[in-house]
Amino acid sequence: MANTNNFKELEVKWMKFWEEHPELYHAKDASDKEKKYVLVEFPYPSGSGLHVGHAFSFTGGDVYARFKRMNNFEVMFPMGWDAFGLPTENYAIKAKRKPQDVTKENTDKFRSQMKRLGFSFDWEREVNTTDPNYYKWTQWIFIKLFEKGLAYKEEMPINWCPSCKIGLANEEVVNGHCERCGAEVSRRNISQWIVKITEYADKLIEGLKETDFIEKVKMQQINWIGKSEGARVRFQIKNPLSADADISLQKGDDFLEVFTTRPDTLWGVSFMVISPEHEFINKLVSGSDYQISEEQRQRVREYVGQAKLKSDLERAELQKDKTGVDTGIRMINPVNGKEIPLYVADYVLMGYGTGVVMGVPAHDQRDWDFAKKYNLDIIPVIKTETEHDYDKEAMSAVDEGEMINSGEISGLRVEEAIEKVKSWLEEKEIGQRTSMYHLRDWIFSRQHYWGEPIPMIFCKSCAENQFVSSSDVSSQLEKYAKEKNINIKVLKNNPGWYPEEENVLPIVLPEVEAYEPSDDGRSPLANMKEWVKTKCPVCGAEAERETDTMPNWAGSDWYYLAYVFANKINKVGADSAKATSSQSDIVGDIFSASRESLKRWMPVDVYVGGDEHNTLHLLYSRFIYKFLYDLGVLPTEHPEPYYKRLSHGVILGPDNQRMSKSKGNVIVPEMVSEKYGVDVVRSYMMFMGPFDATMAWNENTLMGVKRFLDRFALYVENQIEMAKKGGYMLDEKLENVVNKAIKGVTEDIESFRYNTAIAKMMACLNNLSASKQFIGLPNVKKLVKLLAPFAVYGAEEWWSLLRNEGDEVSVHVAQWPKYDEKYLVEESLSIPVAINGKVREQLVVATELVGENQKIIEMAKELGKISSWIEGKRIIKEIYIPGKMVNLVVQ
RNA sequence: GCCGAUGUGGCGGAACUGGUAGACGCGCACGACUCAAAAUCGUGUUCUGUAACCCAGAGUGUGGGUUCGAUUCCCACCUUCGGCACCA
């Protein structure tokens with residue numbers, strides 16, 4: 001019998017059975033059933049195997065998938081491997097092995113551990129990002145990004161991790177340190193591929209409305225994108241030395257542009273500040289084009305020099321103490337013609353806005369700090385009902401009130417003023433409405449081996465010839481652009497760069513001798529001279545392949561789509577050497593070839609993942625989905641990849657600390673399963689607390705769950721014995737217990753409240769076993785089904801003992817039990833009776849009397865304790881909430 | 001500092017739209033079984049007062065408010081956690 005002591009035997013038995021019946025968990029493309037796409041984040045297959053976090057979140061997804069499957073949905077619950085990445089590469093270097101082989105080993109290990117834990121993954125849809133037939137399409141997507149002008153090459157300072165020897169995206173730098181290894185990040189100039197995710201900033205905000213993510217996740221996404229609406233405003237530079245001086249600013253020769261979210265405060269501007277990195281500063285200190293004294297020029301030069309020495313981190317740390325220098329330049333405020341000084345100060349960032357800000361000390365704390373220090377005017381332009389002391393601090397972030405000291409807009413309310421000034425700026429062509437984003441473009445190049453090669457070719461000859469405007473090359477380029485349907489601008493913006501021909505994809509990672517990245521920042525692939533050498537698709541000259549690879553995110557940006565047509569991704573394992581580039585059955589791209597399947601399965605209904613991926617992975621993958629959608633290869637109507645996002649919690653070690661090898665508090669699911677059985681571990685993890693909570697592992701609580709499962713097993717056994725003896729009286733009360741459990745468990749699983757679902761089954765079993773009566777085998781079967789999503793092995797065993805002719809071969813595809821309303825109604829119920837809101841006694845009434853309000857109140861008053869409570873007192877109010885309670889207000 | 005959460009017994013946590021606070025589990029106490037222990041089973045378990053109760057009072061971070069009635073709604077504050085941080 002299936003108690004938790006012979007669990008090993010059962011696990012072996014049923015694992016084998018499921019292995020022989022893959023159709024149980026296979027998601028059919030063609031089926032009359034409604035679809036349900038349940039996705040859990042695919043893991044990075046590390047060498048140490050599945051950890052508790054994996055087991056926990058996968059179980060959460062698995063319970064839901066099984067539940068939906070039993071509720072007659074065609075469920076897709078796939079699994080794959082996000083297998084590119086540094087740990088494998090580092091391990092391979094150390095162990096002198098091929099990353100491909102290491103990956104194969106790790107994924108095999110993960111797969112078998114997952115099978116043991118009883119996850120109902122559809123293994124026919126397994127994908128692996130390092131499979132050349134998978135990354136063929138990752139590369140294809142990149143080519144499309146390039147063709148649409150969303151990927152460009154740029155020489156730019158990047159965040160460089162000296163320890164990992166890799167460029168990092170802004171998103172991967174945490175407080176100036178490498179997210180992965182913690183080393184301090186420095187700056188380095190490297191030519192990088194950049195993806196223009198900023199182009200989708202608005203769509204990524206808008207799209208959130210179409211999802212059912214929890215508020216927290218939506219806020220994280222919105223904050224990360226950081227949209228501010230405002231206006232650009234041009235301020236004239238007063239009195240340049242000569243009108244035709246060789247000064248080129250952003251849009252002309254004699255003005256500087258600022259970005260402001262509050263154009264209404266323009267009358268309060270008493271100075272301007274420019275960032276030390278601004279191009280104008282270079283011109284100012286090096287030339288003699290502006291009428292400022294040599295002394296001032298020298299002071300600016302010194303200040304800029306000092307600012308350069310500070311790291312971003314230092315600059316941020318010194319935020320309270322604002323420093324700056326008057327440049328000597330005077331600006332003209334366009335709204336009132338007032339002359340104001342231009343300062344240079346490092347609290348103004350070059351990377352946001354225009355690198356120049358207007359100082360409104362009365363209404364911005366930073367400007368106020370600066371104005372106080374340099375004794376600049378503080379001009380209030382907004383008046384609110386409360387008095388404000390401008391000597392103490394700024395009155396910042398005021399979004400209501402009345403404009404004052406502001407010429408023709410004085411008297412307007414703030415919102416009106418903002419609108420009016422914006423229109424006025426546009427009318428007079430001094431500025432225009434615009435938005436700024438905190439989100440930066442996405443640095444897509446990595447200088448490592450174990451990643452997808454970026455499928456681009458660089459032709460030096462083309463790059464050079466384009467600029468000497470050889471008409472011959474130019475026409476060839478135009479011809480190529482036309483043929484490939486690429487906007488010629490894209491090619492001109494990236495001189496010499498062309499995508500690989502689609503029909504040669506995938507560009508397979510060659511096997512190299514050494515995987516170590518070089519200190520000069522080039523990827524190990526650069527050493528593969530033969531591989532690097534190729535022909536220019538435009539001029540035919542000798543050209544070079546890109547040697548950078550893609551970031552980790554690339555493969556996970558579209559994997560939820562890959563599952564849908566996994567059968568078309570010709571799996572050849574992780575061994576690139578055996579890869580074939582021909583997939584004759586696919587004409588054009590695999591997305592278009594899979595329209596029907598995509599239509600059927602997308603979007604993902606429930607996406608289970610960790611908080612750590614709520615910003616980056618979610619944002620990147622939503623971006624790629626939207627891009628593919630706009631490209632027209634996704635046939636879905638929903639412009640978002642995931643409908644619901646579920647953020648799973650974290651399991652801490654028994655000491656209430658995050659698990660780590662150094663603390664020695666790591667719980668390994670495989671070991672615990674070995675000791676107590678998979679069913680116990682799964683059920684315990686789901687019982688610990690809410691699915692999204694942070695909880696400490698506690699073996700005592702686990703023992704409680706084990707006891708429950710043992711008692712359940714014993715109960716089933718006893719019931720079967722009783723059935724053999726035959727003849728039983730149906731007890732309505734027990735029917736009520738069973739049906740209440742069905743209702744409760746069903747509702748709880750539906751809303752991912754697994755902990756209370758299990759609690760309800762415990763309560764149910766406690767009630768049933770207390771009675772020691774036979775409840776009938778059909779009822780026993782119902783209970784087994786309720787437990788099936790959690791205790792997958794035990795349930796299968798009990799089912800095999802209980803099933804009749806014609807029943808499903810596996811409990812996991814059996815019909816989920818339905819409760820019967822008639823058993824939910826109890827004969828009588830007990831209504832609490834309160835005096836002044838405090839419950840004093842229970843009134844037991846027959847259910848059919850519940851609606852008779854007056855009668856109930858009278859009965860309540862007659863109860864012994866109640867009558868003594870109200871004796872001699874005046875009843876002011878009598879309240880009866882039908883079926884819920886009686887409250888008598890007395891004085 | 002800003003944004004978002006969070007706070008309930010000795011502990012993990014229940015209480016879904018305001019209606020019996022503490023489900024379920026752990027722990028603890030007592031009892032049964034046992035030579036004994038473990039395991040298992042049974043009973044009790046928010047706190048205070050009482051030998052004890054069908055007794056009384058207090059009680060969901062703090063202070064106020066709305067209500068017949070508040071863990072739940074409103075206001076102010078505090079704690080802890082997560083994210084962002086000179087973003088103009």
Side-chain angles (χ1 to χ4, degrees), chain A residues 175 214-224 226-228 230 258-262 265 273 275 312 315-322 345-349 351-360 363-367 369-370 396-397 436-439 611-612 614-615 647 650 656 684 687-690 692-705 707-708 710-711 714 744 747-748 751 753 755-766 770 830-842 864-865 876-890:
Chain A
N175 290 329
I214 51 170
E215 201 53 30
K216 178 173 95 173
V217 176
K218 285 190 186 182
M219 287 316 296
Q220 272 179 32
Q221 297 263 304
I222 288 169
N223 289 342
W224 191 264
K227 180 178 184 170
S228 314
V258 302
F259 171 73
T260 175
T261 55
R262 297 298 297 273
T265 61
V273 191
S275 163
D312 285 359
R315 271 166 72 160
E317 272 167 6
L318 299 168
Q319 45 177 286
K320 288 231 172 76
D321 187 32
K322 301 229 172 346
D346 64 8
Y347 82 90
V348 175
L349 309 173
Y352 185 79
T354 62
V356 186
V357 302
M358 58 187 215
V360 187
H363 302 292
D364 183 290
Q365 194 55 42
R366 294 158 300 173
D367 295 345
D369 293 341
F370 195 76
S396 47
M436 285 290 165
Y437 301 91
H438 176 82
L439 182 71
D611 273 343
E612 70 276 20
N614 280 344
T615 19
S647 201
V650 177
N656 224 342
Y684 164 63
F687 179 68
M688 288 175 89
D692 58 359
T694 302
M695 303 156 295
W697 186 269
N698 182 336
E699 201 144 320
N700 281 327
T701 307
L702 179 145
M703 290 306 293
V705 175
R707 273 195 286 273
F708 160 65
D710 285 344
R711 276 186 293 139
L714 199 66
E747 286 169 359
D748 283 352
S751 43
R753 292 193 303 254
N755 55 331
T756 52
I758 293 176
K760 278 167 190 160
M761 285 186 284
M762 287 172 166
C764 169
L765 182 68
N766 290 347
S830 131
I831 296 169
V833 181
I835 305 292
N836 292 342
K838 184 109 192 153
V839 176
R840 296 295 172 181
E841 206 172 347
Q842 301 285 325
K865 263 175 76 184
I876 300 170
K877 205 164 181 181
E878 298 169 345
I879 297 146
Y880 171 56
I881 309 295
K884 297 262 164 135
M885 81 167 345
V886 174
N887 190 14
L888 302 174
V889 186
V890 301

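Treat the numbers as computed from the prediction; the structure is a model and nothing was measured. First the proteins, then the strands, lettered A, B, ... as listed; each starts at 1.
Atom P of B:U71 sits at a distance of 7 Å from the matching atom of B:U60, rounded to the whole Å. Across the P atoms, B:G4 and B:C74 are found 14 Å apart, a figure rounded to whole Å. Rounded to whole Å, the C1' atom of B:G64 lies 32 Å from the corresponding atom of B:C11. With both ends at atom P, the span from B:G12 to B:G65 equals 32 Å, rounded to whole Å.
Distances shown here put a side-chain N or O of A:Ser228 below 4.0 Å from the OP1 or OP2 atom of B:A88. Regarding contacts with the backbone of B:G27, a side-chain N or O of A:Asn700 is found under 4.0 angstrom from either OP1 or OP2. Between A:Arg711 and B:C41 there is a side-chain N or O to OP1 or OP2 distance below 4.0 Å. At B:C55, one or more side-chain N or O atoms of A:Lys865 fall inside 4.0 Å of OP1 or OP2 (strictly under the cut-off). Considering only side-chain N and O atoms, A:Lys216 lies nowhere under 4.0 angstrom from the phosphate OP1 or OP2 of B:G4. Phosphate proximity of B:A23 to A:Arg753: absent, as no side-chain N or O sits under 4.0 Å from OP1 or OP2.
Donor-acceptor pairing under 3.5 Å is lacking for the side chains of A:Tyr352 and A:Ser275. Side-chain atoms of A:Asn614 and A:Ser647 form a donor-acceptor pair, as typed in the model, at a separation below 3.5 Å.
Using the Watson-Crick or G-U wobble rule with both distances under 3.5 Å, B:A14 pairs with nothing in any strand shown. Using N1 to N3 plus N6-O4 or O6-N4 for Watson-Crick, or N1-O2 and O6-N3 for G-U wobble, each under 3.5 Å, B:A23 pairs with nothing. Here B:A38 sits opposite no nucleotide as a Watson-Crick or G-U wobble pair (both hydrogen-bonding atom distances under 3.5 Å). Pair assignment for B:G82 gives B:C3, based on Watson-Crick or G-U wobble hydrogen-bonding distances that are each under 3.5 Å. Nucleotide B:U71 forms a pair with no other nucleotide shown, judged by Watson-Crick or G-U wobble geometry with both contacts under 3.5 Å. A 3.5 Å limit on both hydrogen-bonding distances identifies B:U46 as the Watson-Crick or G-U partner of B:A58.
Across the protein-nucleic acid pair, A:Asn887 atom CG and B:G19 atom P stand 13 Å apart, rounded to whole Å. One interatomic measurement links the two molecules: CZ of A:Arg707 to P of B:C24, which rounds to 15 Å at whole-angstrom precision. Rounded to an integer number of Å, the gap from A:Phe708 CZ to B:G12 P is 23 Å. A:Asn614 places its CG atom 12 Å from the P atom of B:C84, with the value rounded to the nearest Å.
In this structure, A:Lys227 is not positioned above the aromatic face of A:Tyr437 in the sense of NZ or CZ being under 6.0 Å from the six-membered ring centre and within 45° of the axis.
Between A:Tyr684 and A:Trp697, the ring planes lie perpendicular to each other; the angle is over 60°, past the 30° to 60° tilted range.
Base contact: A:Met885 has a heavy atom under 4.0 Å from a base atom. No contact: A:Ser751 has no heavy atom under 4.0 Å from any strand. Among the atoms of the strands shown, base atoms are found under 4.0 Å from some heavy atom of A:Gln842. When heavy atoms are screened at a 4.0 angstrom cut-off, A:Asp367 is found touching no nucleic acid atom at all. Among the atoms of the strands shown, only primed sugar atoms or phosphate atoms (P, OP1, OP2) are found under 4.0 Å from some heavy atom of A:Asn755.
At a threshold of 4.0 Å, the pair A:Asp346-A:Lys322 does not count as salt-bridged, since none of the basic side-chain nitrogens sits closer than that to a carboxylate oxygen.
B:G10 has its base anti relative to the sugar, with a glycosidic angle deviating from 0 by more than 90°.
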